[in-house]
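Below you'll find the structure, written out as structure tokens, and then a few comments.
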Amino acid sequence: MDFKKALELYNEKKRLMRAYGHMMGVMSYDSETAAPKNSVNGRADTYAVMSEITYKLRVNEESEKVLEVLYENKESLDKITRKEVELARESIEKMKKIPMEEIVAFSKISAEAQNAWVEAKNNSDYSIFEPYLEKIVAFNRRTASLVAPEKDPYDYLLDNFEKGLTSEQLDNFFSKIRSALVPLIHRIIEKGDVIRTDFMSRNCPIEKQREFSDYLMQVLKINRDDCTIGETEHPFTTNFNKHDVRITTHYHEDLLVSNMYSVIHEGGHALYELNTGDDLYGSELDNGTSMGIHEAQSRFYENIIGRSEAFVSLIFPKVKKLFPEQFKDVSEREFYLAVNKAEPSLIRTEADELTYSLHIMVRYELEKKMIRGEIAVKDIPSEWNRLYKEYLGVDVPDDKHGVLQDMHWSGGMLGYFPSYALGSAYGAQIVESMKKDLDIEKLVRENRIDRITEWLTERIYKYGKLIDPAEAIQNACGAEFDPDFYINYLTEKYSKIYGL
Ligand code: ZN
């Protein structure tokens, strides 16, 4: 096969793969937003068929030959195709070590597992979900042993979400932040209940909250012709290309800020996808480089920007306008303090910035043990509850508010959670570097968040998958990742809030 022919076949197959990927993505979005409960079996069958088709498209002699020829001639490829070929070779190397039948069977299981998890959560009954989690853990352990038998199985999974990340690095990272943050949290608890939050649970009509979401999208300067907001119990972002990004949020009448920070968090994910380079459109590189870098964006907008004094000052007049009765006796300062109140709690997604990483540590410890076979799946709830008591000092009343609160494991995602803590830490380092070029506080007060997004676009977003996570940090910070920025950021912010 000559180079020209190889390139032609490659492009043809890429178009096909992207189209299938797009279709499966829309189906998955539909399953989360619109499909009725009993659609699960039909969908599971379709997933199985689609995953067989895409497996065969990727893993076959011709495709491997094509990639080999292109790789041998990589100096003749443009930089985008060259990177695509490198990534495709890596992914096929992994994929072909896993028998197709197992991948197909797993795609069916994960569709069913999501339904089982919803039911288990609604009934607060772990035993409904347990057999599915058992299969998910077994599949992940098996693929790890097939693809990378020389590696620690959990490291193999981590690497899938954050290239190069190991449990040894995470052990160091978490022990460092734990020893710095736990004493700080204790000092705050000792201060007692000094922040007023009585107004946080006042009823805010959902119609008005939807208006507020639209306003927040405007503040983030997100073009609604490229990005919609759907409604789901668990907010998420999905993307098909830079002109079709979907975020979702949830509305609770008595939890205005829950929707507010969901929109900003998912909006942060969306901004990354919406600002990938035009030159990447239609390529395999037109999305975020890793989950850690992605969570760095979402948590940057949610917390570093969204929970800053400047941001609260920008949006509070709108809060007052939309909810005049509910906030008539609340000052801007009180609102700022309330959205930053640090308090050990049960639910990760509602946790404050300071205690958030402790929630991640619980999941990290459990995943590591599950994947290494050091704990049985049936013992996860009791271990979960024990760790919540140990790390956060809270008693878990039931599985719904404990082990069943997150959807990730039901989707087969083991090794994802550390991305949240890592992303938060990346964000703290990025903002220090950004401050050298921008007056962030002033820009936020003047409703110019687009300037901040531009800065990130130039250093991270426009490159999509062309750069790996370490390069993204290097581009933005001019240095390697350093968790001390995160510790300093939290220590400084919370010492100020609580007058320590
Ligand atoms: Zn996120």
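Read the numbers this way: they start at 1 and go in the same order the structure lists the ligands and their atoms.
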Taking only residues two or more places apart in sequence or in another chain, which ones pass side-chain contact (heavy atoms from CB on, under 4.5 Å) with [X]?
X	value
S308	A310, F311
N287	N239, E273, K465
I103	Y55, M95, I98

Could you name all protein N, O or S atoms found under 2.8 Å from the Zn ion (ligand 1)?
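Atoms qualifying: H265 NE2, H269 NE2, E295 OE1, E295 OE2.
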
Please determine if R348 forms a cation-pi arrangement with Y420, meaning its NZ or CZ atom is less than 6.0 Å from the six-membered ring centre and no more than 45° off the ring axis.
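So R348 does make the cation-pi contact.
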
Verify the neighbour count for atom CZ of R451: are there more than 12 heavy atoms of other residues, nucleotides or ligands below 6.0 Å?
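Counting other residues, nucleotides and ligands, CZ of R451 stays at 12 neighbours or fewer.
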
Let me confirm one number: the OG-CD distance from S91 to E284, rounded to the nearest 0.5 Å.
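Rounded to the nearest 0.5 Å, the OG-CD separation comes to 8.5 Å.
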
